Amino acid sequence: MDANKLARPGVLDIAPYQPGKSVESVERELGISNIIKLASNENPMGPSAKVKEAIAKAAEDISRYPDGNGERLKQDLANLHHVAAEQITLGNGSNDVLELIVRVFAKDGDEVIFAEYAFIVYALATMAVGATKVVVPAVGYGHDLAAMAAAVTDNTRLVFIANPNNPTGTWNSAQSIQNFMQHIRADVFVIVDEAYFEYVDEAEYASALDLLSTYPNLVVTRTFSKIYGLAALRVGYSISSPEIANLMNRVRQPFNVNSLAQAAAQAALKDKDYVLQSRAVNAAEMGKLNKSFVALGCEPIPSVGNFVSVNIGPNAQPVFESMLQQGVIVRPVAGYGLPDHLRITVGLPDENERMMDALQTALKATA
Ligand SMILES: *Cc1c(COP(=O)(O)O)cnc(C)c1O
């Protein structure tokens, strides 16, 4: 028996997702300590005190299954977004929700459109169901929405738009998303992934949620992994028509969001100061970092998120390894077609200083 021959089409073509290296694995592999991780776009402030309290309280009940429908969290999210609770779908991270959408709508022979340099999960989810990836070349490093609209065929079932995108930090204006939706058939579903929504401070940027009542084929996804600081707990959600949410509810796992995650997410929504402070720290540090990168002769891709991909040149991989040796974990993005770039998460001020020193040393060592 050859299990490989029996796997469904597409599975063997998938390169497993490569997460950013963990502090523990680098400690183990290199035998060094005092490591900082700026590799996975996590909130460097750590979880809010209110969240930690909520988790401790919820921990008393972990022998019970969680609320399988996430009623209270869904209601809080419905209130926040001024939609009905029936429009919310919770997921084990927004990654889960992205996969649910693909599993509901895409099958062998269907086409799924996304942009060059787009978040890699769209490709993984598409291949896992045997559907066909249609990758539309970027303009600069960003999504070319006109070209993406033009790529729609009779076989197109889904289009993914990351706004902002990871790993490029590029974004599309509210107007351009609206224009895009006007050109898309009603039987093509458009997913706008807004994982970094809370960080964006551009006047012409807006959530696609504003378009939801006009376009029932629109799905917007959000996460608690980034500005809310809950990456380890895995909780995200989508907002869609009740009909789409109902379909996703049929294919999800019965208890896909655990009780600690639900309690933490509810507490995180209440802690508005934490979000404001996170955004302020990020904005201030992003400005400093960009200047420092340019001073070192490395061009950053202008980013509206909490990370920045920097053009290091052909030595990006050795520079990454040298920084690792110095105890600073950043993220190579060759897998995204950006072999000369490293993606660096904006950390706390002292972390960023250490990262810059390590980068400078690495650049000299590899020159
Ligand atoms: C981090 C990220 C997500 C969210 O991941 P979770 O599964 O919610 O942790 C989704 N989309 C993009 C573009 C991301 O960068």
Side-chain angles (χ1 to χ4, degrees), residues 17-20 22 37-44 47 51 70 73 77 88-103 112 114-126 128 135 138 141-143 158-172 177 190-200 205 207-208 219-239 248 252-253 256-258 260-262 264-265 268-269 278 282 301 303-309 330-331 333 335-338 341 343-346:
Y17 182 83
Q18 294 289 345
S22 71
K37 183 187 178 207
L38 298 173
S40 300
N41 306 345
E42 296 134 333
N43 187 327
V51 161
L73 176 55
L77 290 168
I88 310 280
T89 303
L90 300 179
N92 184 34
S94 55
N95 199 133
D96 187 23
V97 176
L98 296 168
E99 285 185 22
L100 291 178
I101 297 162
V102 176
R103 276 169 52 211
V112 178
F114 46 88
E116 182 184 17
Y117 311 133
F119 187 46
I120 212 124
V121 164
Y122 314 146
L124 299 179
T126 300
V135 183
Y141 292 100
H143 289 22
L158 300 170
V159 184
F160 282 100
I161 297 173
N163 197 27
N165 184 44
N166 165 22
T168 55
T170 50
W171 60 285
N172 293 89
I177 303 267
V190 178
I191 301 96
V192 181
D193 176 349
E194 297 183 349
Y196 302 95
F197 167 82
E198 297 85 357
Y199 286 105
V200 188
Y205 176 86
S207 173
V219 181
V220 177
T221 63
R222 296 279 183 94
T223 183
F224 285 94
S225 299
K226 306 290 158 58
I227 208 164
Y228 288 106
L230 303 183
L233 286 178
R234 314 304 303 126
V235 51
Y237 60 100
S238 65
I239 307 125
M248 289 164 70
R252 73 178 175 87
Q253 279 184 32
N256 62 336
V257 182
N258 71 73
L260 302 188
Q262 289 185 35
L269 286 176
S278 301
N282 185 70
I301 302 174
S303 168
V304 295
N306 66 337
F307 58 88
V308 53
S309 286
V330 298
R331 186 74 160 268
V333 280
Y336 282 90
L338 296 167
H341 287 74
R343 193 192 68 198
I344 301 174
T345 303
V346 177

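Counting convention: from 1, in listed order, for ligands and their atoms alike. In what follows, every heavy atom counts, from backbone to side chain, and hydrogens, waters and symmetry copies are set aside. This is a predicted model, so every value here is computed, not measured.
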**Request:** Decide yes or no on ring-ring contact (aromatic ring centres under 6.0 Å, His included) for H341 and Y117, but give the supporting numbers first.
**Result:** CA-CA 12 Å; H341 287 74; Y117 311 133; 8.2 Å; no

**Prompt:** Which part of D193 is near ligand 1, with near meaning a heavy atom under 4.0 Å away: side chain, backbone, both or neither?
**Reply:** side chain

**Complete:** Quick note on ligand 1: atoms under 4.0 Å from a heavy atom of N166 include exactly 13 (C), 14 (C), 15 (O)

**Message:** Between Y237 and L73, does the side chain to side chain contact (heavy atoms under 4.5 Å, CB included) criterion hold? Intermediate values first, please.
**Reply:** CA-CA 10 Å; Y237 60 100; L73 176 55; over 6 Å; no

**Request:** Please write down residue, atom name and distance for the protein heavy atom closest to atom 4 (C) of ligand 1.
**Result:** S94 OG, 3.0 Å

**Request:** For P167 and L338, work out which heavy atoms get closest and say how close.
**Result:** CG-CD1, 4.1 Å

**Message:** Please list, in number order, the atoms of ligand 1 under 4.0 Å from a heavy atom of S225.
**Reply:** 6 (P), 8 (O), 9 (O)

**Message:** Please check: side-chain N/O of N43 versus main-chain N/O of I227, any donor-acceptor pairing under 3.5 Å?
**Reply:** yes

**Asked** Of all the heavy atoms in F224, does at least one lie under 4.0 Å from an atom in ligand 1?
**Response** no

**Asked** Do T223 and ligand 1 have an N or O pair less than 3.5 Å apart?
**Response** yes

**Message:** I want to check something: taking the side chain as every heavy atom from C-beta on, are D193 and Y122 in contact at a cut-off of under 4.5 Å?
**Reply:** yes

**Prompt:** A195: heavy atom below 4.0 Å from ligand 1, yes or no?
**Reply:** yes

**Request:** Could you tell me the residue and atom name of the protein heavy atom closest to atom 1 (C) of ligand 1, and the distance to it rounded to 0.1 Å?
**Result:** K226 NZ, 1.3 Å

**Asked** With respect to atom 6 (P) of ligand 1, which of R234, R222, E194 exhibits the smallest heavy-atom separation?
**Response** R234

**Asked** Does the side chain of S22 come within less than 4.5 Å of K37's, by heavy atoms?
**Response** no

**Asked** Taking N or O atoms only and a 3.5 Å limit, does N41 qualify as a polar contact for ligand 1?
**Response** no

**Prompt:** Knowing that exactly one of V257, N256, N95, N258 qualifies, which makes a side chain to side chain contact (heavy atoms under 4.5 Å, CB included) with R234?
**Reply:** N95

